[in-house]
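Below is one structure, written out as structure tokens, with a few remarks after it.
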Amino acid sequence: MKYVPGLMVGQLSGSAGSSTASRNKFGSYFRTRNVPVNPNTTRQSLVRSQFASISQGWRALTSAQRAGWTALGLQMTRQDSQGVTYTLDGNQAYQSVNRNLNTVGGTALSNAPAYSEPTTLTALTVTATSI
């Protein structure tokens, strides 16, 4: 569970009982310590192998290519469950773009693409055909 530090509760870190408080670049949060579940489904294995492959690609990038992905990540904003907006780092931008490309059958990019604002779908035409 995420929380926003305030006057009554500041930054917390550590464990008490079965709860652990921590923070990362995206904010503060609480979690319950538990034994992770690993169902090892076919889909889970596929996604893990895709992330592993993309991670290998990241490690093979030059410093200049990584700088390009970092610059792109600073333009890519996300919003967490608390409504806090944050930007991505270079690796996160690289993973996001290349995972999406992989999902639609595209080829992974080594160089960061130019950023363009997402467009809003304003109209959709559906044509029905009989089989």
* **G73 to A93 - nearest heavy-atom pair and separation** => CA-CB, 3.7 Å
* **Nearest atoms (heavy-atom pairs only) where V97 meets M76** => CG2-CE, 4.4 Å
* **Donor-acceptor pair, side chain of R99 and main chain of V47, under 3.5 angstrom** => no
* Asked: Hey, are the side chains of Y86 and D80 touching, using non-hydrogen atoms and a 4.5 Å cut-off?
  -> yes
* Would you say the side-chain atoms of W58 pair up with the backbone N or O of R66, donor to acceptor, closer than 3.5 Å? -> no
* Stepwise, does the side chain to side chain contact (heavy atoms under 4.5 Å, CB included) test hold for D89 with W69? -> CA-CA 8 Å; D89 65 25; W69 285 102; over 6 Å; no
* Asked: Mind checking whether R31 and S19 have side chains closer than 4.5 Å, heavy atoms only?
  -> no
* For residues R48 and S53, is any side-chain donor paired with an opposing acceptor at under 3.5 Å? -> no
* Drop me the distance from L109's CG to Y94's OH, to the nearest 0.5 angstrom. => 8.5 Å
* Structure fact -> Distance col, row L88:CG vs L74:CG, nearest 0.5 angstrom, shows 9.0 Å
* Asked: Just by distance, with hydrogens left out, do Q92 and T87 show a side-chain donor and acceptor under 3.5 Å apart?
  -> no
* Asked: Just by modelled atom types, is the N91 backbone N or O under 3.5 Å from a matching donor or acceptor in the Q95 side chain?
  -> no
* To do: Please answer: with hydrophobic residues joined when any side-chain heavy atoms are less than 4.5 Å apart, are Y115 and L101 in the same cluster?
  => yes
* Please check if the side chain of S45 supplies one atom and the backbone of T41 the other of a donor-acceptor pair under 3.5 Å. => yes
* Distance in Å, Q75 CD paired with T70 OG1, rounded so as to fall on 0.5 Å steps -> 11.5 Å
* Asked: Could you give the distance from CG (N98) to CD (Q50), rounded to the nearest 0.5 Å?
  -> 11.0 Å
* Asked: Once you round to the nearest 0.5 Å, how far does CZ of F30 lie from OG1 of T20?
  -> 10.0 Å
* What are the two closest non-hydrogen atoms of S110 and L61, and how far apart are they? -> O-CD2, 3.5 Å
